[in-house]
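In what follows, a structure is listed as C-alpha cells, so that the remarks can point back to it.
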Amino acid sequence: MMSHELRTPLTSILAFTEMLNRESSPKSEKEAQTRREIEANSRALLFMINDILEMSRLDAGRTEFNVETVDLGDILGLVQAVVQPLANRNEVDFACDIDPGVPLVQGDFEKIRHVLENLCGNAVKFTPAGGSVRLHISYHPECDEVWLRVADTGIGIAKKDQQRVFERFVQADSSLSRRYNGTGLGLSLAKEYAEMHGGSISLESALGEGSVFTVRIPVVECRLDAGEENE
Ligand SMILES: Nc1ncnc2c1ncn2[C@@H]1O[C@H](COP(=O)(O)OP(=O)(O)OP(=O)(O)O)[C@@H](O)[C@H]1O
Ligand SMILES: [Mg+2]
C-alpha cells in the first residue's frame with residue numbers, strides 16, 4: 001500500500017517527462033537543463049524510496065530470492081542504460097565491459113541488477129567531473145567465481161570508514177551540510193544481496209584516490225543455494 005502511494009506519483013513524473021521529451025524539443029539550453037534535472041532527481045528519489053521499502057521487506061522476511069539462470073551481460077546493458085545519463089550529467093566517463101568467458105550464473109536477476117546499479121550510482125555520485133567509472137565483469141575459474149568490479153577515480157573512502165559504510169544509514173560524511181544526497185542504504189543492501197548469493201562484497205580505497213568495490217558471486221554455491229531454495 002505504502003509503496004504504491006510513494007511510487008505512483010513519482011513514476012508519473014518520470015513518464016510525463018519522457019513524454020515531454022518525445023513530443024517537443026526544449027526551446028533553450030536552460031529548458032533542456034531543467035528537464036534533465038527533473039528526470040535525474042525523480043530517478044534519485046525513486047531509488048531511495050525503493051531502497052527503504054526493500055529494507056523493510058528484508059526485515060519482515062518478505063524478500064523473495066528468485067533464482068534463475070542469469071546472463072550478466074543482460075544486466076550490464078540495463079545498468080548502463082540507467083547509469084549513463086547520470087554519468088553524462090556529472091561529466092564522468094562511464095564504461096562497462098564483460099569478459100567473453102563469463103558463464104551464466106544461477107541467481108536473482110533483479111537483486112544482482114540492484115547491486116550493480118547501487119555501486120555504479122555511488123561511483124558516479126562520488127566522482128568529480130572529469131573522472132571515470134568502470135564496471136568490469138570477469139570469471140575466475142580457480143575459485144569458480146564471477147567478479148563484478150566497480151572502480152572509480154573519485155573522492156575515495158578513509159580507512160576508518162571502510163567497514164562502516166556497509167552498515168545501514170551510514171554515510172562517510174555525516175555532516176548536516178553533506179554535499180551528496182542519499183539515505184545510506186545502498187551498500188548495506190548490496191552486501192545483503194551479495195551474501196544471499198553465497199558471495200561477498202569488498203572494498204579497496206584510499207581517501208582522494210578512488211575506490212574499487214568487488215562483488216564475488218560463487219557460480220557453484222549459487223547452484224547449491226538454488227537447490228536449497230527449491231526444496
Ligand atoms: N564510490 C564511492 N566513493 C566514495 N565514497 C563512497 C562510494 N560509495 C560509497 N561511498 C560512501 O559510503 C557511504 C554509504 O554508501 P551507500 O550507497 O550505502 O549510501 P548513499 O549512497 O549515501 O545513499 P543511498 O545509496 O541510500 O542513496 C556513502 O554515503 C559514501 O560516504
Ligand atoms: Mg548509494
Side-chain angles (χ1 to χ4, degrees), residues 3 6-7 10 14 37 39-59 63 79-80 82-87 89-96 110-137 147-196 199-216:
S3 90
L6 290 171
R7 267 194 284 236
L10 252 184
L14 278 165
E37 290 289 336
E39 195 173 350
N41 283 294
S42 310
R43 264 187 220 291
L45 191 54
L46 194 58
F47 282 143
M48 282 189 245
I49 291 174
N50 284 340
D51 280 357
I52 292 173
L53 293 170
E54 180 56 18
M55 206 45 103
S56 47
R57 268 198 299 274
L58 272 174
D59 286 348
T63 294
V79 171
Q80 182 157 33
V82 170
V83 177
Q84 191 67 61
L86 305 175
R89 173 174 168 242
N90 290 5
E91 292 170 43
V92 167
D93 181 57
F94 179 57
C96 33
E110 283 307 322
K111 292 196 171 50
I112 299 177
R113 167 182 166 170
H114 199 98
V115 169
L116 287 183
E117 276 183 14
N118 270 320
L119 292 180
C120 294
N122 279 349
V124 166
K125 177 162 68 168
F126 296 108
T127 298
S132 66
V133 170
R134 182 167 183 230
L135 163 60
H136 179 69
I137 302 181
W147 292 13
L148 317 170
R149 197 168 171 276
V150 179
D152 68 60
T153 61
I155 62 172
I157 302 173
K159 262 263 155 341
K160 68 172 175 54
D161 294 321
Q162 288 181 11
Q163 291 294 322
R164 287 176 60 240
V165 290
F166 291 101
E167 290 167 23
R168 290 182 184 186
F169 299 109
V170 168
Q171 300 181 303
D173 176 6
S174 57
S175 59
L176 281 176
S177 55
R178 250 177 348 102
R179 290 180 43 210
Y180 305 97
N181 58 13
T183 51
L185 281 176
L187 285 180
S188 55
L189 269 179
K191 183 164 183 279
E192 299 219 29
Y193 286 171
E195 288 169 359
M196 273 184 182
S200 64
I201 183 167
S202 60
L203 161 65
E204 293 156 72
S205 182
L207 208 54
E209 286 172 28
S211 310
V212 181
F213 285 87
T214 308
V215 176
R216 297 170 168 220

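Only a predicted model underlies this, so the values are computations on that prediction, with no experimental measurement involved. Numbering of ligands and ligand atoms starts at 1, following listing order.
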Please determine if Gly184 has a nitrogen or oxygen closer than 3.5 Å to a nitrogen or oxygen of ligand 1.
yes

Ligand 1 and Gln171, any nitrogen or oxygen pair closer than 3.5 angstrom?
yes

Pairing of Arg57 and Glu54 as salt bridge, 4.0 angstrom limit:
yes

Within the structure, does Leu187 bring an N/O atom to less than 3.5 angstrom of an N/O atom in ligand 1?
yes

Pair Lys111 + Glu192, salt bridge at N-O below 4.0 Å
no

Cationic N near anionic O, under 4.0 Å, Arg168 to Asp59:
yes

Keeping waters out of it, list the protein N, O or S atoms under 2.8 Å from the Mg ion (ligand 2).
Asn122 OD1

Going by the atom numbers of ligand 1, which of them fall below 4.0 Å from some non-hydrogen atom of Lys125?
20 (P), 21 (O), 22 (O), 23 (O), 27 (O)

Cut-off 3.5 Å, side chains only: do His114 and Asp51 have a donor facing an acceptor?
yes

Mind checking whether Asp152 has an N or O less than 3.5 Å away from an N or O of ligand 1?
yes

Pairs of nitrogen or oxygen atoms closer than 3.5 Å, one from Ala172 and one from ligand 1: do any exist?
yes

Could you establish whether Gly154 and ligand 1 come within less than 4.0 Å of each other, counting only heavy atoms on the residue side?
no

I'd like to check which ligand 1 atoms, numbered from 1 as shown, lie under 4.0 Å from a non-hydrogen atom of Gly186.
16 (P), 17 (O), 18 (O), 24 (P), 25 (O), 26 (O)

